[in-house]
J.: 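Have a look at the structure that comes next, please.
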Amino acid sequence: MRTKYFITVLLVFGMSSAALAQTNGAAFGIFGGASWWKANGDLTNTPGATFGFEIDYVGRAALSSNTELGAKLGLAIGFASASHQLTNYTEQYTNQDYYPENLDYTITADTYKQKQKQWQLMVPVMLSLKTHGVVLNVGAKMMYLLTQNRQLDVTNAHINVYYPDFDVPTIDYLATGRLPGFKDHQSGTGNMPKLSVLLAGEIGYEWSLSNAAYIGLVAYVDYSVWNNYSNTPAGHRLIDVAPIMNKEYPVPDIKVNYLTDTYTDKVNYLSVGVRFYYLLSSKSTKQKHSSYPCHCLIN
């Protein structure tokens with residue numbers, strides 16, 4: 001009797017359908033957080049804000065009733081900002097005039113602050129794992145800068161000049177160098193790398209709204225492991241006063257350089273934040289075994 005019961009149980013389990021769920025659909029999300037351009041050259045890297053919109057295709061096959069594994073492919077458009085700063089700035093160098101006489105320059109400023117703003121396109125390609133509602137995505141993102149601009153703000157800058165042969169000092173004098181309004185603000189096109197490859201990771205939770213609709217919230221981190229940035233720092237002349245060579249108009253040309261142009265030969269993008277999304281999935285079922293009607297008679 002025990003043998004007949006065991007055989008009956010095997011037949012019931014062996015001929016039953018084991019339907020497993022599979023996620024296959026589109027996710028629409030928004031993200032926001034903080035972003036940096038990590039630059040070398042002894043600059044202070046300060047985060048800015050980032051936000052944007054992302055649309056993804058999510059395809060995950062079921063490994064069990066509670067676990068799915070697959071891929072996430074998408075497209076994101078967003079805004080990001082960051083800044084670099086240098087405080088208590090002093091630099092010294094010697095120029096000549098048309099006589100020629102030596103002029104010893106000492107340039108000082110309380111702060112230099114360079115702000116970067118950009119619109120960017122990102123393409124994530126990630127492995128996606130979901131288990132018991134917990135979502136883990138790891139992979140890479142390609143980031144391309146659609147537009148970028150920057151501005152430089154200088155606080156309390158002064159040009160001090162000393163003629164050693166005559167023992168004559170001057171401060172912010174037109175003939176030896178003076179910044180109109182101390183040149184406290186200028187803006188232009190940014191020079192951050194156009195193309196970057198980011199190592200990307202996300203972790204969070206996904207809630208079911210129905211059989212085919214979900215909402216999710218994940219924390220993310222993106223870090224640039226490669227980019228096409230190229231710069232040979234020009235030196236330490238942030239405020240570059242040219243030699244006085246024009247006898248008819250003996251006023252030197254002055255160029256105020258950007259911080260990253262002057263100090264940096266390597267930058268890496270970093271962003272952390274959260275992404276909220278709505279996932280609309282078509283649910284399909286796959287049978288482990290074919291089911292056949294049983295016409296067995298067990299005595």
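Throughout, numbering of the chain's residues begins at 1 and tracks the sequence. FYI, side chains are in, hydrogens and waters are out, and symmetry mates aren't considered; it's all heavy atoms of this structure.
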J.: Taking the cut-offs as 6.0 angstrom to the six-membered ring centre and 45 degrees off its axis, would you call R150 and Y258 a cation-pi pair?
T.: yes

J.: With a 4.5 Å cut-off on side-chain heavy-atom distances among I, L, V, M, F, W and Y, is there a chain of contacts connecting V168 to Y98?
T.: yes

J.: Can you check side chain to side chain contact (heavy atoms under 4.5 Å, CB included) on F79 and T50, steps first, answer last?
T.: CA-CA 5 Å; F79 170 85; T50 182; 5.9 Å; no

J.: Carefully, step by step, assess N40 and D265 under the rule side-chain hydrogen bond (donor to acceptor under 3.5 Å, both in side chains).
T.: CA-CA 7 Å; N40 65 353; D265 61 9; 2.6 Å; yes

J.: Should Y112 and Q114 be marked as a side chain to side chain contact (heavy atoms under 4.5 Å, CB included) after you check the CA-CA gap, both sets of side-chain angles, and the distance that decides it?
T.: CA-CA 7 Å; Y112 274 81; Q114 178 182 318; over 6 Å; no

J.: Do I203 and V218 come close enough that some side-chain heavy atom pair is under 4.5 Å?
T.: no

J.: If a pair satisfies salt bridge (Lys or Arg N to Asp or Glu O under 4.0 Å) and one of its residues is in residues 28-44, list it, with sequence neighbours excluded.
T.: none

J.: Does a salt bridge link D222 with K141, judged by any charged N lying under 4.0 Å from a carboxylate O?
T.: yes

J.: Closest approach of N246 and E248, non-hydrogen atoms and distance?
T.: OD1-N, 3.0 Å

J.: Between D97 and K247, does any side-chain N to carboxylate O distance fall below 4.0 Å?
T.: no

J.: Could you check whether R60 and N24, counting side-chain N and O atoms only, form a donor-acceptor pair closer than 3.5 Å?
T.: no

J.: Within the 3.5 Å criterion, strictly below it, is a donor on N149 or Q151 matched to an acceptor on the partner's side chain?
T.: no

J.: Could you give me the CA-CA distance, side-chain angles and deciding distance for F53 and I77, then say whether side chain to side chain contact (heavy atoms under 4.5 Å, CB included) is met?
T.: CA-CA 6 Å; F53 172 80; I77 295 178; 5.9 Å; no

J.: Who are the side chain to side chain donor-acceptor pair (under 3.5 Å) partners of N227, not counting sequence neighbours?
T.: S224

J.: N102 and Y163: which non-hydrogen atoms are nearest, and at how many Å?
T.: O-CD2, 3.9 Å

J.: Which is it for D167 and Y162 under the side-chain hydrogen bond (donor to acceptor under 3.5 Å, both in side chains) test, yes or no, and what are the steps along the way?
T.: CA-CA 7 Å; D167 192 24; Y162 176 68; 2.7 Å; yes

J.: Donor-acceptor check, side chain of T176 to backbone of V161, threshold 3.5 angstrom: yes or no?
T.: no

J.: So if you build clusters from Ile, Leu, Val, Met, Phe, Trp, Tyr with side-chain heavy-atom gaps below 4.5 Å, do I159 and I171 land together?
T.: no

J.: Would T108 and T90 count as a side-chain hydrogen bond (donor to acceptor under 3.5 Å, both in side chains) if you check the C-alpha gap in whole Å, the side-chain angles of each, and the deciding distance to 0.1 Å?
T.: CA-CA 5 Å; T108 61; T90 300; 5.8 Å; no

J.: Indicate, with yes or no, if L127 and Y220 share a hydrophobic cluster defined by side-chain heavy-atom contacts under 4.5 Å among Ile, Leu, Val, Met, Phe, Trp and Tyr.
T.: no

J.: Do D104 and T94 meet the criterion of a side-chain donor-acceptor pair at a distance under 3.5 Å?
T.: yes

J.: Any chance you could measure M122, atom CE, to S196, atom OG, to the nearest 0.5 Å?
T.: 11.0 Å

J.: Using modelled atom types only, decide if a donor and an acceptor are shared between the side chain of N95 and the backbone of L103 within a distance under 3.5 Å.
T.: no

J.: Just wondering, do L279 and V58 contact through their side chains at under 4.5 Å, heavy atoms?
T.: yes

J.: So do Y144 and V123 actually touch side chain to side chain, heavy atoms under 4.5 Å?
T.: no

J.: Output the distance between atom CD (Q96) and atom CD1 (I244), rounded to the nearest 0.5 Å.
T.: 11.0 Å

J.: Calculate, to the nearest 0.5 Å, the distance between atoms CG and CD belonging to D153 and Q186 respectively.
T.: 9.0 Å

J.: Would you say the side chain of N45 lies within less than 4.5 Å of the side chain of H84, judging by non-hydrogen atoms?
T.: yes

J.: Which distance, rounded to the nearest 0.5 Å, do you find between the OH of Y278 and the OH of Y214?
T.: 11.0 Å

J.: Parallel, tilted or perpendicular, judged at 30° and 60°: which one describes the rings of Y93 and Y105?
T.: parallel

J.: Between N268 and Y223 (side chain of the first, backbone of the second, donor and acceptor by atom type, cut-off under 3.5 Å), is there such a pair?
T.: no

J.: Just by distance, with hydrogens left out, do S35 and S271 show a side-chain donor and acceptor under 3.5 Å apart?
T.: no

J.: At what distance, to the nearest 0.5 angstrom, does CD1 of I254 lie from CD1 of I239?
T.: 8.0 Å

J.: Is the backbone N or O of S210 less than 3.5 Å from a side-chain atom of S208, with the two atoms forming a donor-acceptor pair by type?
T.: yes

J.: Nearest 0.5 angstrom please: D261 CG to N191 CG, how far?
T.: 4.5 Å

J.: Are any non-hydrogen side-chain atoms of K113 and V154 less than 4.5 angstrom apart?
T.: no

J.: Do the side chain of N228 and the main chain of K194 share a donor and acceptor less than 3.5 angstrom apart?
T.: yes

J.: Going only through I, L, V, M, F, W and Y residues with side-chain contacts under 4.5 Å, is there a path from L129 to V125?
T.: no

J.: Within the 3.5 Å criterion, strictly below it, is a donor on N160 or H158 matched to an acceptor on the partner's side chain?
T.: no

J.: Of all heavy-atom pairs between P124 and E54, which one has the smallest distance, and what is that distance?
T.: CG-OE2, 3.8 Å

J.: Verify the cluster assignment for M126 and F31: are they in a single hydrophobic cluster under the rule of side-chain heavy atoms below 4.5 Å apart?
T.: no

J.: State, with a plain yes or no, whether a side-chain heavy atom of T111 is found less than 4.5 Å away from one of L86.
T.: no

J.: Would you list the pairs meeting side chain to side chain donor-acceptor pair (under 3.5 Å) in which at least one residue belongs to residues 115-126, sequence neighbours left out?
T.: W37-Q118, Q116-Q118, Q116-Q148, Q118-Q120, Q120-Y269

J.: I would like to know whether L198 and V225 meet side chain to side chain contact (heavy atoms under 4.5 Å, CB included); could you show each step before the answer?
T.: CA-CA 6 Å; L198 314 176; V225 293; over 6 Å; no

J.: Heavy-atom distance under 4.5 Å between the side chains of M192 and L145, does that happen here?
T.: yes

J.: Contact between T87 and T44 at the side-chain level, heavy atoms closer than 4.5 Å - yes or no?
T.: no

J.: For L174 and V251, which heavy atoms make the closest approach, and how far apart are they?
T.: O-CG1, 3.5 Å

J.: For N66, does the CG atom have more than 12 heavy-atom neighbours from other residues, nucleotides or ligands under 6.0 Å away?
T.: yes

